[in-house]
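Have a look at the structure below, then the notes.
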Amino acid sequence: MLLEKMLQSQGFGSRKACQQLIKHGLVRINDEIITDLKYKFDLKQPDFQVDDQAYQYREKVYIALNKPQGYECSHQATHHFSVFDLFDAVLLSRGLQCVGRLDQDTTGLLLLTDDGQFLQALTHPKKHVPKVYQMHTADVVTDGQMAQLTQGVELRNEKGIFAATDVTRLAEQHLQMTVHQGVYHQVKRMLAAVGNKVERLHRQQIGEFALPQDLAEGEWIYLSETQLAQAKTRDQSL
Ligand code: URA
């Protein structure tokens, strides 16, 4: 692939801007400065540097972020930070989007991508990708509430029944459960529907992909092929 085209595809700006980067000697491959505008980039050797910073060619990007509290999943955050503040301009100009949304006060696993098909596949309501949440509740979680969550509850202005699976009490006011849709404020509304209240919410897993233990809040990683396949795993039973 022509070097300037490759740079453009990776978020380094317009074709003209990418040509300038090359002409000014800011692009290195295998430690060699490339100024030839006709240089063909070998996609099988994806490493390159721009302005002394190392990059790797990626056709699409798939990112797992450990979202901190106080960040909105929106480009135009109003009252809080935006999760997009956690990424550099090169990545952002690829058109990174959140795969579904977490509330500003929810922490944990958030996927981001520039792959529209992947986004659709994970967020389409009929696809049923399970998501595991952990929460602290205002009141002690009762057996009755757990049974109700498992049987399913109705949510105002939403069609159908919303049931959780693997509802597990981790402590008196600490619950884990798996949900299978992704409607607005779903977990908080489900807990309210059974007469309790979510005080802190954390997403631990999407599909079969769990938030890596060593990923600190605010940190992110590129997903490997295996992790990507895990994140896409759907409910077998639905
Ligand atoms: N359900 C909620 O209520 N909030 C979230 O952030 C995610 C799921």
Side-chain angles (χ1 to χ4, degrees), residues 63-86 96-113 118-139 141 145-146 148-170 173-211 215 217-220 231-235 238:
I63 285 171
L65 167 72
N66 185 354
K67 181 189 163 302
Q69 268 201 345
Y71 283 76
E72 287 179 25
C73 291
S74 141
H75 281 279
Q76 272 96 39
T78 43
H79 295 101
H80 305 93
F81 296 114
S82 158
V83 290
F84 297 102
D85 297 342
L86 298 166
L96 208 55
Q97 292 189 63
C98 295
V99 182
R101 282 174 176 238
L102 289 178
D103 299 333
Q104 66 79 19
D105 55 353
T106 302
T107 56
L109 180 58
L110 178 70
L111 301 180
L112 298 103
T113 187
F118 174 72
L119 191 88
Q120 272 286 318
L122 260 83
T123 52
H124 194 282
K126 294 214 170 101
K127 301 287 186 188
H128 298 296
V129 176
K131 295 165 212 89
V132 180
Y133 288 92
Q134 291 174 353
M135 69 218 75
H136 281 277
T137 54
D139 299 312
V141 182
Q145 289 173 352
M146 289 172 65
Q148 266 183 288
L149 289 166
T150 306
Q151 278 153 19
V153 294
E154 288 183 1
L155 301 178
R156 237 160 78 100
N157 298 330
E158 307 287 355
K159 284 200 196 104
I161 295 285
F162 293 82
T165 54
D166 302 303
V167 181
T168 312
R169 195 166 29 214
L170 304 173
Q173 286 166 262
H174 193 188
L175 192 70
Q176 174 170 303
M177 67 186 200
T178 304
V179 301
H180 302 264
Q181 303 94 343
V183 300
Y184 184 64
H185 286 337
Q186 181 170 336
V187 174
K188 291 175 184 169
R189 289 163 73 194
M190 285 175 74
L191 266 287
V194 302
N196 209 323
K197 184 171 188 287
V198 172
E199 293 213 312
R200 259 190 292 141
L201 185 59
H202 177 83
R203 183 155 67 190
Q204 181 56 27
Q205 188 167 321
I206 296 176
E208 295 284 314
F209 178 66
L211 185 68
L215 195 64
E217 278 191 10
E219 283 185 0
W220 58 269
K232 283 192 211 172
T233 311
R234 299 194 197 145
D235 291 332
L238 296 171

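Ligands are counted one by one from 1 in listed order, and the atoms in each one are counted from 1 as well. The first residue in the sequence is number 1, and the count goes up from there. The basis for the numbers below is simple: all heavy atoms, side chains too, and nothing from hydrogens, waters or symmetry mates.
- Residues satisfying the ring pair (Phe, Tyr, Trp, His ring centres under 6.0 Å) criterion with Phe162, sequence neighbours excluded, are absent altogether.
- Here Tyr71 contributes atom OH and His80 contributes atom NE2; the two are 11.5 Å apart, rounded to the nearest 0.5 Å.
- Residues Leu86 and Phe81 have side chains not in contact (no heavy-atom distance under 4.5 Å, counting atoms from C-beta outward).
- Under the rule for a side-chain contact (heavy atoms from CB on, under 4.5 Å), the partners of Glu199 that lie at least two apart in sequence or sit in another chain are Ala138.
- For ligand 1, the 4.0 Å heavy-atom shell takes in Leu102, Asp103, Thr106, Tyr133, His185, Gln186, Val187, Lys188, Leu201, ordered by chain and residue number.
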Give the table of side-chain donor-acceptor pairs shorter than 3.5 Å for residues 150-158, with sequence neighbours excluded, one pair per line with atom names and distance.
residue: Thr150; atom: OG1; partner: Met146; partner atom: O; Å: 2.8
residue: Glu158; atom: OE2; partner: Arg189; partner atom: NH1; Å: 3.1
residue: Glu158; atom: OE2; partner: Arg189; partner atom: NH2; Å: 3.4

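- Taken from OG1 in Thr168 to CD in Gln176, the straight-line distance is 5.5 Å, to the nearest 0.5 Å.
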